[in-house]
Amino acid sequence: MNLAELHGAWLSERRERWQRLLGLIRSRRQDLDLSQAREVLDGYGEVARDLSLARRQVPGTVLHRTAESLYRRLHDAIHRRPRNVLGSLLHLYATQLPAAVGRMRADIVVAVGLFLAAALAGYLMVLHHPDTGGWFLSEQMMRMVQQGRLWTDDLVNVMPSSVLAWEITTNNVSVAITAFALGMLFGLGTLYILSVNGLMLGAVLAYTQVFDMHLRLIRFIVPHGLVELSIIVLAAAAGLGLGRALARPGPGGRVEALRASAGDAGTLAAASVPFLIGSGLIEGYVSPDPSIGMAARVATGVGWLVVMLIVLDGRLWRRLAQTRPPARNAR
Amino acid sequence: MTAAAESLQLHTATGLPVEMPLVGAGSRAYAFLIDWHIRVGATALLALARQAVTGLYDPTVRSWLAWVDAGLVLASIGAYVFYHPVVELILRGDSPGKRAAGLRCVDGHGEAPSAGAVLLRNVMRLVDGLPLLYITGFVSVNLSRQRQRLGDMVAGTYVVRAPAVASEKLLAELDRVSGAGLDPAAAEFTALLLERWPALSAQKRREFASSVLRRAGVTPDANDRVLRRQLQALLAS
């Protein structure tokens, strides 16, 4: 058919049809009855033919742009997934996140092992040679410990808990991002971050033990530290995964391996950020509060860790998902 | 799905691909700036509120204001850190900045991305933002064949241009430029000529109008006003 020659007659017939289809797709899908839905589906095919003619014969004209726009709207109206944010989130936590953690298991084991080994090394080194504590603690911190005080004492007198929580959260997020992103250096950057942080933790514990103040430090760390350190180690595991993808990509090639690794890491990161925020709030409001007893601190720390493990495991979400209708948009 | 450099082409059941124009770093930066202003504005307001509350109580003494303070901390963290993921989840991949700039975020099927994809592409902003000012993301968009930053690559999303003009307006425009005696290109040209008639010189008016009228089999009149009416009649037929 020559559109240029038959334009007027053809258009007057099609225009009415297009107007009708536009009216139908402007309605909500649940308001359409079966015959109207079928009309939209038939119209989709008709507009495809119209557009095909317009693309070939009258490109760049208003007619072409109108057909293009209508075709895109019809495609969207037919294929658009129903809005199901909760179902999509449930799928993320019930299926995608546990699967990502499972695939990263080896990297997590390596990261945990490396962190603990570094912590042990730092601890033994400073315990037997306290003068090496200066490699990890500032002079001010060392002076305070020697005077029988911790740098964590009176934190809330220096700044409000809200500001403290905010600063701690942003710092933790930075450390986690750095541990992850440095994995792009074939994992070497991540190894450095893990080792340094592990050494520091061990060294600080040992130095305070030399002056018999380690229990006070543990009392401060326990409420927030279990989850905070776990998330940073998980971020480092993700960084190691990136490094492994670069160094040993496998048959799919480096880009594909990186994409898969970053996908898993991103999924884990998306689920972990709320826990870093929670740990920041605990460190700002609970940890520095001298009136909160050890039992409550242990309960907070262990409880928050258990919540994190439950979320990462996914079993609870899968049980929840089973009680809901399946999420049609879950891919 | 195959992607050309200029557009995302979605294979469809009809056999005719839907084309969605991909956008480059410039348009994306424009949308980001709009969102950034909204983000910073909201965070600043909450920070001001928190500052007001902080000055009202003694942090060493228990007070209900501490909970208000904590809530404002959460809100200001949320406003800055979670603006993009939360807003994009609610707006199905879009944001106020993207909408203002006429952009949309879609997945490989041309649909709104899933919640997981939205979260993933936003977490990867942290990498795209390295070392500063989104340099990594900028380079990635410019080097990528499908104009994706790293977050898009990982999440399988694309940023495309939303239709500039609504279908309804295009239909109205089509009515205006349709004429039974003219092909679409000629009809549009005639409509444009009539629009610019006052700005054109007499010679150009005659030249263009005569060309259109002769192609439609109409003898052009010598008078300028009649010439114009002839064109209007041709378009209205």
Side-chain angles (χ1 to χ4, degrees), chain A residues 3-5 7-9 11-12 15 18-19 22 44-45 48 51-52 58 61-66 68-73 75-76 79-81 83 85 88-89 91-92 96 156-157 160-163 165-166 169 173 177 180-181 259 262-263 266-267 269-270 273 277 281 284-285 329-331, chain B residues 10 12-16 18-20 50 54 59-60 66 69-70 72-74 76-77 81 85 89-90 92 107 109-112 114-116 119-124 126-127 130 150-151 153-155 163 165-168 170-171 173-175 177-185 187-188 237:
Chain A
L3 203 58
E5 288 174 9
H7 172 240
L11 184 59
S12 56
R15 198 224 171 283
W18 291 355
Q19 188 69 58
L22 251 188
Y44 180 52
L51 178 58
S52 175
V58 289
T61 59
V62 172
L63 173 60
H64 172 209
R65 292 201 304 275
T66 308
E68 198 79 65
S69 169
L70 185 59
Y71 185 57
R72 193 169 156 179
R73 294 267 302 260
H75 178 85
D76 187 57
H79 294 93
R80 185 177 65 235
R81 284 190 289 258
R83 197 188 191 93
V85 177
S88 197
L89 281 171
H91 175 70
L92 169 69
Q96 291 177 288
V156 288
N157 289 339
S161 294
S162 56
V163 175
W166 166 249
T169 302
V173 170
I177 293 164
F180 166 63
R259 193 179 300 201
T267 305
V273 166
I277 292 175
L281 286 172
Y285 284 89
N329 63 333
R331 280 210 172 104
Chain B
L10 309 176
T12 64
T14 63
L16 189 73
V18 170
E19 289 183 355
M20 296 187 170
R50 183 162 56 83
T54 306
T60 60
D69 195 3
L72 287 170
V73 168
L74 265 180
S76 62
I77 293 172
V81 175
L89 270 176
I90 295 170
R92 299 169 70 95
D107 64 9
H109 303 271
E111 301 169 42
S114 64
L119 291 175
L120 196 47
R121 71 186 298 273
N122 279 287
V123 162
M124 290 299 289
L126 303 170
V127 180
L130 296 171
L150 293 179
M153 289 182 196
V154 166
V165 183
S167 307
E168 291 82 349
L170 280 170
L171 269 179
E173 176 74 9
L174 194 61
D175 286 339
V177 303
S178 298
L182 298 170
D183 63 61
E188 280 184 44
S237 61

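For clarity, every value in this text was computed on a predicted model and none was experimentally measured. In what follows, chains carry the letters A, B, and so on, assigned in the order in which the sequence lines appear, proteins first and then strands, with residues in each chain numbered from 1.
- Residues that satisfy the side chain to side chain donor-acceptor pair (under 3.5 Å) test with A:Tyr71, not counting sequence neighbours, are B:Thr12, B:Thr14.
- The choice from B:Leu16, B:Val154, B:Val127 that makes the most heavy-atom pairs within less than 4.5 Å of chain A is B:Leu16.
- With respect to chain A, the highest number of heavy-atom pairs below 4.5 Å among B:Met153, B:Arg121, B:Met20 belongs to B:Met20.
- The line from CG of A:Leu51 to CD of B:Glu19 is 8.0 Å long, rounded to the nearest 0.5 Å.
- Interatomic distance, A:Asp76 CG to B:Glu111 CD, rounded to the nearest 0.5 Å: 8.0 Å.
- Heavy-atom distances place both the backbone and the side chain of A:Tyr44 under 4.5 Å from chain B.
- Residue A:Arg65 touches chain B through both its backbone and its side chain, counting heavy-atom pairs closer than 4.5 Å.
- Only the side chain of A:Ile277 comes within less than 4.5 Å of a heavy atom in chain B; its backbone stays farther off.
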